[in-house]
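The structure appears right after this line, and notes come after that.
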Amino acid sequence: MLAYILRRVLTGAVLGVLVTFLTFWLLSFSFDGVVANVLGPAASPSAVAALKADLGLDRPLIVQYLDWLGGVFGGDFGVSFFTSEPVTDAVVSRLGVTLSIVLIALALSVVVSIILGVLAASRAGVIDRVSQGVSLLGLLLPNLLIAIVLVVVFAINLRLLPATGYTPFGESPLRWAASITIPVIVLVINGVSNMSAQIRGTMIGELRKDYVRTLRTRGVPTWSIVYKHALRNAAAPALVVLSLEFIAMFGGALIIENVFALPGFGSFAFNSSIQGDIPVIMGVTVFSVMLVVGVNLLTDLINGWLNPKARIY
Amino acid sequence: MISAAVLLIIVLLGIFAPWIAEHGPNDAALSAVNAPVGAPDYPLGADQNGRDIFSRLLYSINTSVVSALIGAAVAISIGLTCGLIGGYFGGRIRGGIEWVFNLIMTLPGILLLIVLMPLTKGDFRVTMLIYGVLLAPGIYRLVRNVTVGVRNELYVDAARVSGLSTLRILGRHVMPVVQGPVIISTAFLMGSAIGVQSGLAFLGVGSTEVPSFGAMIAYGFTNLYVDSLQFVWPALMLGVMTASFVLFGNSLRDALEGARPKASSVSKSAGSKGPARHEQAPKNPGDADALLSIENLHLTYPDPSGTPKPVLNGVSLAVRPGETMGLVGESGSGKTQTAFAALGVLPGEASIPEGSIKLDGRELIGLSERQLRGIRGRDIAYVPQEPMSNLDPSFTIGAQMVESLRAASSVSRSAARKRAIELLGHVGIADPERTMRLYPHQISGGMAQRVLIATAVACRPRVLIADEPTTALDVTIQAEILDLLRDLQAEMGMAILLVTHNFGVVADICERMAVMQDGRVVETGDVAEVFRNPQHPYTQKLLASILDESVVRDDDRVLAGESSEGIN
């Protein structure tokens with residue numbers, strides 16, 4: 001088990017090197033544009049060349065990359081081209097905002113999805129239709145629309161919540177909660193509609209299996225059959241959806257944070273990409289890779305624990 | 001299928017946009033700036049650049065549809081192919097594929113699409129192509145996990161052993177299991193591709209020349225205070241499209257995997273009608289001392305259109321205390337349905353229009369699930385046909401036995417554990433302590449059947465219903481299982497209703513037998529009597545056709561065969 005985890009972490013590191021090199025290579029096509037961005041449109045060709053040399057962008061690509069990689073292994077991710085802020089500090093400070101939104105949204109989504117999906121599958125009829133309705137509602141209304149409607153209703157009309165902006169938790173827990181409420185609701189609606197549909201589908205399949213009937217013939221109570229046996233067997237596919245949803249929420253945060261002007265990882269990454277802030281983009285890439293590798297490893301470990309037949313390690 | 005119609009209409013609207021819309025999507029007219037809804041020539045008004053919203057809406061459909069098609073097609077073709085291969089083969093092949101997908105998965109999704117702007121030159125089709133590749137790992141993991149599960153199933157082993165080519169196994173046995181989840185995901189993929197495309201357009205990534213819902217929403221949002229309706233139209237259209245995809249996927253799935261059961265109607269309809277009607281049922285003279293008596297049982301299932309289709313047409317059957325009753329008949333004659341009805345575990349869509357099932361004089365039809373729970377396991381128990389699929393794959397043998405024991409007898413956990421170990425030893429399992437810790441896939445079919453029998457008889461039920469308990473097993477083990485049932489019966493004095501299509505089994509173990517045909521019992525009697533002098537033409541035909549096999553079954557060497565089963 002420990003060897004398995006170690007192997008996965010190591011392959012994760014190799015993946016990280018590959019991904020960052022790929023990103024770096026793709027970025028290299030826009031180096032000239034980046035330099036022009038830094039200097040402004042009126043810069044002379046000689047000034048551009050000078051800055052390129054200054055930033056080290058005129059060296060062979062592989063040398064530049066290895067230089068960066070060496071720094072990363074030493075814990076140095078470089079500084080932003082535009083703000084001169086160290087990349088590590090910048091990313092970490094923004095990550096907290098995004099994580100507080102995504103993790104809360106994910107936890108809420110899981111709880112609601114399991115309740116809705118299981119109820120829909122185990123009790124046909126009204127509850128099933130209500131659950132499918134909720135699931136549909138989330139898909140019917142695009143994230144953007146939900147976000148905008150919530151802002152218009154709660155922030156602009158009722159003035160209950162701030163429309164945009166973010167208050168750190170340390171400053172005022174109440175204002176912090178208010179500032180992330182709408183973004184969290186938007187993500188939860190989306191997460192629930194995806195996950196509850198998947199859980200419902202898998203649970204319907206499980207509840208029709210032979211072992212469910214056999215457990216019934218032994219007098220095992222319905223709640224145990226549904227919540228212990230069937231749900232456990234339905235959990236493996238649901239878990240895959242959950243891990244995808246987590247990563248998707250991080251992507252979704254990119255748009256949400258831009259709409260709500262939250263200083264999170266997503267809006268930070270977006271702005272850096274638009275500007276072409278190469279050290280920041282690279283740093284953001286590394287963190288994304290680490291995040292995904294971690295989530296996938298965790299998913300596979302839990303999956304193996306849940307389903308003895310699918311133990312990959 | 002309304003969703004399919006809606007999708008079709010939307011797609012057609014998109015295709016015929018050049019003929020429907022009066023203006024081009026990028027035609028700007030100063031006179032039309034922020035024109036209200038219903039303005040002449042501008043049915044939905046115009047945006048702040050004086051462009052026709054209705055026209056842009058129609059052209060945006062095409063952008064979305066193309067995005068969905070490109071994204072989903074790329075993701076599915078890559079993910080499904082690799083998922084099947086990776087899930088089925090394992091080893092180095094899976095390792096390699098997994099490695100590539102992990103690489104793709106770690107690419108920072110939407111961010112990458114933005115970073116790659118200089119390469120895609122803002123063309124949404126290229127962007128969606130890349131997005132499709134980024135989506136593929138999701139499909140891959142879904143397909144791989146399902147395939148890994150299916151590959152370990154017995155029927156896939158069977159197919160492999162019987163020499164089917166890998167391609168055929170994948171197509172015939174793995175694909176049907178995989179297709180449901182993939183179809184649902186396709187709907188999500190299409191929705192997600194459309195969503196991401198609009199999201200990117202909303203952020204202003206991509207060509208401004210391409211009309212898109214996202215760009216329209218962005219324009220509408222910035223213009224919220226001037227005309228709050230402008231962003232509603234594209235948002236509404238976007239919502240209807242994604243919702244239609246999902247509904248379409250759901251209904252496709254239901255069509256492929258069979259519609260889900262309707263609300264339970266067994267107890268309701270049977271409770272209201274059963275007792276009233278069963279007075280008219282013909283009384284069987286031998287019923288007085290019956291322990292389990294089924295009288296004039298009718299059972300229907302709805303066909304796809306919802307009309308009830310009869311499965312049982314008045315089954316009457318009596319099992320006396322301590323006897324072994326064989327219930328024989330060809331496949332589809334209703335044997336198993338009769339057994340499920342007696343246990344009260346019919347699927348929700350089944351309905352009992354009339355009939356009666358009595359256990360020791362107590363009517364079972366119309367009892368609530370809670371009341372039935374008190375009877376199951378204690379008074380009536382069940383041994384299934386296929387041992388493997390009747391054990392929960394996620395729990396150890398011990399955990400399942402302990403839970404079942406405690407459900408039926410309310411003993412403490414440790415007492416239940418002790419009793420389970422004792423029972424496992426009793427049914428001939430060599431190392432009960434070890435077996436308790438094993439998962440179902442770690443034991444053989446014969447052992448699994450012994451586990452199921454041990455659990456069924458744990459609380460000394462008075463009636464044991466065994467549904468073809470030996471059919472799925474190896475011939476030598478069949479004989480051992482029959483011996484085990486016989487011994488347990490002699491020891492506990494329970495009655496056994498043995499469902500089988502094998503006359504050899506009946507001759508071997510049963511005292512009386514009932515012959516079923518087309519949902520009816522056509523002949524009942526002592527086994528020796530029926531064998532010697534079958535009354536019903538159907539029984540005669542069955543006996544004549546089965547004669548050869550019954551000679552083989554009586555072979556002494558087979559019955560005396562040594563145990564060949566063990567822990568895998």
Side-chain angles (χ1 to χ4, degrees), chain A residues 11 15-16 18-19 23 26-27 29-30 33 124-125 136 139-145 148 194 197-198 201 204 209-211 213-222 224 229 232-233 236-237 240 244 251 254-255 258 269-270 273-274 281 284-285 288-289 292-293 296 303 306-310, chain B residues 99 102-103 105-111 114-116 118-119 138 141-142 145 148-149 152 181 184 188 191 195 198-199 202-203 217 221 231 235 238-239 242-243 246 253 260-263 343 345 348 369 373 376-378 381-382 384 386 389-394 403-404 407-408 439 441 455:
Chain A
T11 39
L15 277 174
L18 256 159
V19 171
T23 313
L26 291 168
L27 280 173
F29 292 96
S30 54
L136 181 64
L139 296 162
L140 187 80
L141 306 170
N143 267 358
L144 279 173
L145 182 61
I148 289 165
N194 283 343
Q198 192 77 38
I204 289 175
K209 289 197 172 164
D210 287 347
Y211 73 85
R213 180 172 51 233
T214 300
L215 286 171
R216 277 180 74 193
T217 68
R218 294 175 185 166
V220 174
T222 311
S224 168
H229 294 275
R232 166 111 177 226
N233 282 296
V240 177
L244 293 176
L254 198 139
I255 291 170
N258 270 296
F270 175 71
S273 301
I274 293 293
I281 296 174
V284 161
T285 310
S288 313
V289 170
V292 177
V293 168
N296 286 346
N303 205 347
L306 281 171
N307 181 5
K309 264 194 191 182
Chain B
W99 196 84
N102 276 334
L103 180 76
M105 225 164 163
T106 42
L107 294 170
I110 299 181
L111 197 58
I114 298 168
V115 173
L116 292 184
L119 277 183
R141 286 169 77 85
L142 192 71
N145 281 5
V148 168
N152 294 329
I184 301 184
F188 286 129
S198 344
F202 177 83
L203 294 177
I217 294 173
F221 194 33
F231 86 90
L238 185 60
T242 40
V246 173
R253 176 191 182 275
R260 64 159 310 169
K262 298 280 179 308
L343 289 156
V345 291
E369 185 75 17
R373 213 182 292 149
R376 294 180 188 142
R378 295 170 208 245
Y382 167 70
E386 162 56 61
S389 66
N390 280 285
L391 288 167
D392 183 338
S394 297
E403 182 179 14
S404 300
Y439 286 96
H441 72 278
T455 318

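Sequence lines set the chain letters: A, B, ... in the order given, protein chains first and strands last, and positions in each chain run from 1. All heavy atoms count here, side chains included; hydrogens, waters and symmetry mates do not.
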Shortest non-hydrogen contact between [X] and [Y], atoms and distance:
X         : Y         : value
Arg216(A) : Arg376(B) : O-CD, 2.9 Å
Gly219(A) : Ala407(B) : O-CB, 3.4 Å
Thr222(A) : Glu369(B) : OG1-CG, 3.9 Å
Asn233(A) : Pro393(B) : OD1-CG, 3.5 Å

If we define contacts as heavy-atom pairs under 4.5 Å, which of Leu391(B), Leu203(B), Leu343(B) has the most with chain A?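 Heavy-atom pair counts peak at Leu203(B).
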
Side chains of Asp392(B) and Arg232(A) in contact at under 4.5 Å (non-hydrogen atoms):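 SC-SC contact between Asp392(B) and Arg232(A) ruled out.
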
Is the closest side-chain heavy-atom distance between Lys209(A) and Ser389(B) below 4.5 Å?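 Not in contact.
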
Under 4.5 Å from any heavy atom of chain B, what part of Val240(A) do you find: side chain, backbone, both or neither?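 The answer is the side chain of Val240(A).
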
Do Glu403(B) and Arg218(A) meet the salt-bridge criterion of a basic N to acidic O distance under 4.0 Å?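 Salt bridge absent between Arg218(A) and Glu403(B).
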
Quick check on the interface: out of Ser224(A), Pro221(A), Ala236(A), who has the most heavy-atom pairs with chain B under 4.5 Å?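 With the most close heavy-atom pairs to chain B, the winner is Pro221(A).
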
Heavy-atom pairs under 4.5 Å with chain B are the metric here; pick the option from Leu215(A), Val220(A), Thr217(A), Thr214(A) that has the most.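 Heavy-atom pairs under 4.5 Å are most numerous for Thr217(A).
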
In chain order, what residues pass the salt bridge (charged side-chain N to carboxylate O under 4.0 Å, His left out) check against Arg213(A), with sequence neighbours excluded?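 Partners of Arg213(A) by the salt bridge (charged side-chain N to carboxylate O under 4.0 Å, His left out) criterion, ordered by chain and then number, come out as Asp210(A).
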
How would you list, by chain and number, every residue that makes a side chain to side chain donor-acceptor pair (under 3.5 Å) with Arg378(B), sequence neighbours excluded?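 None.
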
